[in-house]
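Model, not experiment: these values are computed from the prediction. When a residue number appears, it is its place in the shown sequence, counting from 1. Both ligands and their constituent atoms are indexed starting at 1 by order of listing. FYI, side chains are in, hydrogens and waters are out, and symmetry mates aren't considered; it's all heavy atoms of this structure.
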Amino acid sequence: MAILEEIKEALMAGNANKVREGVNKALEEGIAPTTIINDALIAAMNVVGIKFKNNEIYVPEVLVAARAMHAGMEVVKPMLAGDSLQEKGTMVIGTVKGDLHDIGKNLVIMMMEGAGFKVIDLGIDVPAEKFVQAVEEHKPQVVGMSALLTSTMMQMKKTIEALAAYRDRIKIIVGGAPVTQKFADEIGADGYAPDAASAVDKVKELLGIA
Ligand code: B12
C-alpha cells in the first residue's frame, strides 16, 4: 500500500496538505480508517518521536509533524464507524497552578495522541481541584502534570495529595524542565519523563502496554 508510505513521508516532512490529500486518496482506495491511523499517521509520529529523542530533529519539526498528523486525523476521524479505533487509554494533562508555560505540555499531548491515546487537555494554571474534577469526569488511566517554574513544582505534590483517593485507578506522570526523577519520587508520582517521546514510553510502561 504505497499510499500509506506516502502519507508517512509527508507527515514526517510536516506537510499537512500532502497528509490530508494522502489520507483522502487512501480512503478512496478503500483502505480502512484504522489502518490509515495506525499504519501511517501513528507509525510516522512514532518515527518522529524517536528522531526527537535522538536529537536528530528539534521542537519546531515535531510541532509541524504533529500539526500534519492532526490534519490527517481530522479527515479520517469522521469515517470511523463508532469507536472502532481502539484507543490505548485516556490521559488528563495540565500545567499546574501558577504556571503558564505550555509548549512542552502541548508536545507531550501531540506525542501521546500520535501514539493512539485520547488526551484531555486542561490547559495552563490548573489548580489541584480541577485535576480531581477531570479525573472524576473522564476516568483516565493516566494523569500528567507539567511545571516549568521551580516555584510551581510543589503544586504537583499538592495535586498528587488531592488525587490520593484515585491512586488505585490512575498513574501519575510528571515532567517539565526543572522536574527530575528524584523530585518525582519525592512527591510520590508514578513516573517522570524528560521529554515528550519518552513520556509515551513511560506511560506505556506504567500501563503495561509496552
Ligand atoms: C517560552 C518561555 C516562556 C513563555 C511561555 C509561553 C508558553 N506558551 O509556554 C512566557 C514568555 C509566557 C514565559 C513566562 C515566564 N517565564 Co518562562 N520560559 C520560557 C522558556 C524560554 C522556554 C520554555 C519552553 O517552552 N521550552 C521548550 C519545551 C519543549 O521544553 P519543556 O517545556 O521543558 O518541555 C519538555 C520536557 O520538559 C517535557 N515535559 C514538559 N511537560 C511535561 C509533562 C509531562 C507529564 C512529561 C512526562 C514531560 C513533560 O517534554 C517536553 C518536550 O520534550 C524557558 C527557558 C528554557 N530554556 O527552558 C523560560 C523559563 C521556564 N521561564 C522562566 C521564568 C522565570 C518565567 C517568568 C516568571 C518570567 C517573568 N518574569 O515574567 C514568566 C512566568 C509566567 C508563569 N506564571 O508561568 C524561567 C524559570 C526559572 C525557574 N527555575 O523557575 C525560565 C527557565 C527562563 C530562565 N532561565 O530564567 N516563559
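- Atom NZ in Lys88 sits 13.0 Å away from atom CD in Glu113 (nearest 0.5 Å).
- Contact check on Glu21 versus Lys25 returns no salt bridge, with no Lys/Arg side-chain nitrogen under 4.0 Å from an Asp/Glu carboxylate oxygen.
- Evaluated for a side chain to side chain contact (heavy atoms under 4.5 Å, CB included) with Lys53, the options Val200, Val48, Asp201 yield exactly one hit, Asp201.
- Remark: distances from the non-hydrogen atoms of Pro178 to ligand 1 are all 4.0 Å or more.
- Interatomic distance, CD1 of Ile109 versus CG of Asp121, reported as 3.5 Å (0.5 Å rounding).
- At under 3.5 Å, not a single nitrogen or oxygen of Leu107, backbone or side chain, sits near a nitrogen or oxygen of ligand 1.
- Here the side chain of Tyr192 pairs no donor or acceptor atom with the backbone of Ala189 at under 3.5 angstrom.
- Residue contact annotation: Phe52 has a non-hydrogen atom under 4.0 Å from ligand 1.
- Interatomic distance, Lys202 NZ to Lys171 NZ, rounded to the nearest 0.5 Å: 11.0 Å.
- A 4.5 Å side-chain heavy-atom check between Met110 and His70 finds at least one atom pair inside the cut-off.
- Contacts with ligand 1 closer than 4.0 Å are made by backbone heavy atoms (N, CA, C, O) of Met145 only, the side chain lying farther away.
- Taking every non-hydrogen atom of Pro194 and a distance limit under 4.0 Å, the qualifying atoms of ligand 1 come out as 36 (C), 37 (O), 38 (C).
- Atom CG of Asn24 sits about 9.5 Å away from atom CD1 of Ile3, to the nearest 0.5 Å.
- Interatomic distance, Lys130 NZ to Thr159 OG1, rounded to the nearest 0.5 Å: 12.0 Å.
- Considering backbone and side-chain N/O of Ser151, none are found under 3.5 Å from N/O of ligand 1.
- Summarising the geometry, atom CE belonging to Met145 is positioned 10.0 Å from atom CD belonging to Gln155; distances are rounded to the nearest 0.5 Å.
- At a heavy-atom distance under 4.0 Å, only side-chain atoms of Val108, from C-beta outward, approach ligand 1.
- Shown in contact with Asp195 at under 4.0 Å from a heavy atom are these atoms of ligand 1, numbered in order with element: 38 (C), 50 (O), 53 (O).
- Contacts of Val174 with ligand 1, taken as heavy-atom pairs under 4.0 Å, involve the backbone alone.
- Of all the atoms in ligand 1, the ones that sit under 4.0 Å from a non-hydrogen atom of Ala199 are 47 (C).
- Close N/O approach between Ser146 and ligand 1 is found [any backbone or side-chain N/O within under 3.5 Å].
- Close contacts between ligand 1 and Asp99 involve ligand atoms 78 (O) [criterion: under 4.0 Å to a heavy atom].
- The distance criterion of under 3.5 Å between nitrogen or oxygen atoms is met by Ala196 with respect to ligand 1.
- Here the shortest heavy-atom distance to atom 33 (O) of ligand 1, taken over Gly49, Gly104, Ala177, Gly191, belongs to Ala177.
- Excluding water, every protein N/O/S atom under 2.8 Å from atom 17 (Co) of ligand 1 is given here by residue and atom: His101 NE2.
- Asp102 contributes no side-chain N or O that, together with a main-chain N or O of Lys105, makes up a donor-acceptor pair within less than 3.5 Å.
- With hydrogens and angles ignored, the 3.5 Å screen pairs no side-chain donor or acceptor of Asp99 with any backbone N or O of Ala147.
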